[in-house]
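When a ligand or atom number is given, it counts from 1 through the structure's own listing order.
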Amino acid sequence: MSEPKKLYIKTYGCQMNVYDSERMAEALGGKGYVETKFPDDADMILLNTCHIREKAAEKVYSELGRFKGLKAGKPDLKIGVAGCVAQAEGEEIMRRQPMVDLVVGPQSYHRLPEMEAKVREGEKALDTDFPEEDKFEKLKNRPKAKRGPSAFLTVQEGCDKFCAFCVVPYTRGAEVSRPADRILREAQDLVERGVREITLLGQNVNAYHGAGANGDLTLAQLIWELDKVDGLERIRFTTSHPNDMMDDLIEAHGTCSKLMPYLHLPVQAGSDKILKRMNRSHTAESYLRLVERIREARPDIVMSGDFIVGFPEETEEDFQATLDLVEQVKYGYAYSFKYSTRPGTPAAERAQVPAAEADERLQRLQSMITRHQREIQDSMVGRELSVLFEKPGRFDDQMVGKSEYLHSVHVTGSKANIGDIARVKIVSSGTNSLAGEVIR
Ligand code: 5AD
Ligand code: SF4
């Protein structure tokens, strides 16, 4: 038997990309590839790129530049670019970096095996279409490889919201939901392979409206179907838009025991003027009211969010409104970014906030968020949490897992196995994780 070919995938960006990279590795697994952690060993290198922030395309070009030497010494090495930069740049990538053999957009991964055959023949392969077919169905798993206890499952892709700063509607296209039966089959398959927690993924996951046997299902209805899957113990979903937070989904947080008490609900800013200019179509007040309703349904829920500071025309007063909102919500986790221009988006044309001002605001916001994050994590000390063990810790006899609130929890001497869910009494809170003892 010939040596398997080696595939090196470098993944940038969001969980959707992590999921996509796994599917690409599986698709190329069917062509005899095994994954390697070392680009030097690879017969194919794939960069699964992200375009959401910073100078994404430029970073990809400079990363590609680094592989030039490698390719010069190994002419059979094939280099591909996938993900949102591939979608946005298309043919331009091959023009600027002629050593690139393959460019594949996020909607075309199921065509990778054919594209691989083409590049092995010495041709170039480019596919950045938005086809109608379900790429995940086409990518359906080959052999039943064992999986870790926590997995992502994409249920929805694309976005119709057109926030004024964001490239997603352009790179990932219009909102498309996968049919429920396919998702349920995939969930069943994941559980058979050892998965106990599934995070449903979508750029606008709560806008989910996939076809079911009796018409479209909402995300909450899909969650209730997943709730029936034996062996699946935990359900999460990300990322949600405030405007799609439907009543049945809020209610599910109070009534579905498999649905974890954690919600990522980006607000982006606290000033109504800025929210309007961002085309967010919600106000600070309506967002706060929504959080209140979610907390009525599930009082202990940990909220998480995304923020952009220094959006064009943001004044100190506007920024103060963001701080006020953060102070009211108290996020357990939050991701904050300095606004960065995305060519082609409406905000790119507007007057920019000076970089030093935006930096300073970002720092102030992040220190407030870090304080809240720490307070919420510390408040877990003394409580009994449920922990899903995911991997061994750094020390002998130590296991690391996640609580229902998504905090990392370390436990020593428990004899717990990967995939076990145990009740753990939290005894201390460190910089980035909690420590606890399994309750017998
Ligand atoms: N500049 C800064 N942050 C951005 N995000 C999206 N686009 C931009 C941009 N142009 C942030 C938003 C989004 C998160 C995934 O990335 O906060 O919720
Ligand atoms: Fe981008 Fe999210 Fe806005 Fe859609 S809702 S345009 S993905 S920030």
Side-chain angles (χ1 to χ4, degrees), residues 11-19 49-59 83-85 87-88 106-107 154-177 199 201-209 219 237-245 263-271 274-282 286-287 290 303-314 319 322 325-326 329 331 333-353 355 357-359 361-362 365-366 369:
T11 307
Y12 302 80
C14 63
Q15 286 141 332
M16 180 86 69
N17 269 11
V18 174
Y19 178 88
T49 61
C50 169
H51 198 261
I52 203 142
R53 284 183 297 275
E54 307 294 334
K55 299 184 169 51
E58 291 313 312
K59 279 190 186 157
C84 292
V85 173
Q87 187 68 43
Q107 304 307 325
T154 295
V155 300
Q156 175 281 332
E157 263 196 290
C159 181
D160 299 332
K161 297 280 190 290
F162 290 93
C163 297
F165 49 80
C166 186
V167 284
V168 166
Y170 311 97
T171 58
R172 292 267 171 171
E175 200 278 315
V176 179
S177 293
T199 303
L201 289 183
Q203 263 97 20
N204 235 248
V205 72
N206 57 345
Y208 177 81
H209 56 95
L219 184 66
F237 59 90
T238 194
T239 291
S240 297
H241 191 288
N243 292 6
D244 293 315
M245 211 57 216
L263 179 64
H264 185 60
L265 192 66
V267 63
Q268 312 296 356
S271 142
I274 294 296
L275 287 169
K276 195 150 194 230
R277 290 182 190 180
M278 285 178 163
N279 192 30
R280 290 289 296 177
S281 51
H282 59 77
S286 68
Y287 179 86
L290 179 61
M303 296 297 299
S304 146
D306 289 344
F307 294 89
I308 296 179
V309 303
F311 187 76
E313 297 159 56
E314 184 190 69
F319 175 65
T322 298
L325 181 141
V326 171
V329 174
Y331 291 89
Y333 304 82
Y335 308 89
S336 44
F337 314 102
K338 191 166 79 163
Y339 171 71
S340 84
T341 309
R342 294 273 75 95
T345 59
E349 311 297 323
R350 303 182 194 157
Q352 307 291 311
V353 170
E357 230 162 281
D359 281 332
R361 286 178 196 164
L362 185 63
L365 175 61
Q366 286 182 340
I369 287 168

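Side-chain atoms of Gln366 come within 3.5 Å of backbone N or O of Ser336 as a donor-acceptor pair. Side chain of Asn206 to main chain of Ser240: no donor-acceptor pair is present (N/O by atom type, distance under 3.5 Å, no hydrogens or angles). Distance alone, capped at 3.5 Å, places no donor-acceptor pair between the Arg280 side chain and the Ala269 backbone. At least one donor-acceptor pair under 3.5 Å links the side chain of Asn17 to the backbone N or O of Tyr12. Side-chain N or O atoms of Asn243 include one that pairs as donor or acceptor with a backbone N or O of Ser281 at under 3.5 Å. Side chain of Gln156 to main chain of Gly158: a donor-acceptor pair is present (N/O by atom type, distance under 3.5 Å, no hydrogens or angles).
Residues Tyr333 and His264 keep their aromatic ring centres 6.0 Å or farther apart. Taking the six-membered ring for Trp and the full ring otherwise, Phe165 and Phe337 have centroids separated by 6.0 Å or more.
The contact set between ligand 2 and His241, taken as ligand atoms under 4.0 Å from a residue heavy atom, comprises 5 (S). Residue Lys161 approaches ligand 2 through these ligand atoms, each under 4.0 Å from one of its heavy atoms: 4 (Fe), 5 (S). Per-residue contacts place Pro169 under 4.0 angstrom from the following atoms of ligand 2 (heavy atoms of the residue considered): 6 (S). Ligand-side atoms of ligand 2 in range of Phe162: 6 (S), range being under 4.0 angstrom from any heavy atom. Atoms of ligand 1 found under 4.0 Å from any heavy atom of Arg342, numbered from 1 in the order shown, are 10 (N). Counting the atoms of ligand 1 from 1 in the order shown, those under 4.0 Å from a heavy atom of Gln268 are 12 (C), 13 (C), 17 (O), 18 (O).
Contact annotation for Asn204 and ligand 2: only side-chain heavy atoms (C-beta onward) come within less than 4.0 Å of the ligand. Residue contacts with ligand 2 for Phe165 involve side-chain atoms from C-beta outward but no N, CA, C or O (heavy atoms, distance under 4.0 Å). Of the heavy atoms in Phe165, both backbone and side-chain atoms come closer than 4.0 Å to ligand 1. If you look at Pro266 next to ligand 2, there are no close heavy atoms at all, none under 4.0 Å.
With a 4.5 Å cut-off on side-chain heavy atoms, Leu219 and Asp244 do not count as touching.
At the top of the distance list for atom 1 (Fe) of ligand 2, counting protein heavy atoms only, stands Cys166 SG, 2.3 Å. Counting only heavy atoms of the protein, atom 3 (Fe) of ligand 2 lies nearest to Cys163 SG, 2.3 Å.
Of all the listed residues (Asp306, Val309, Thr341), Asp306 holds the heavy atom that lies closest to atom 14 (C) of ligand 1.
At least one N, O or S atom of Cys159 sits under 2.8 Å from atom 4 (Fe) of ligand 2.
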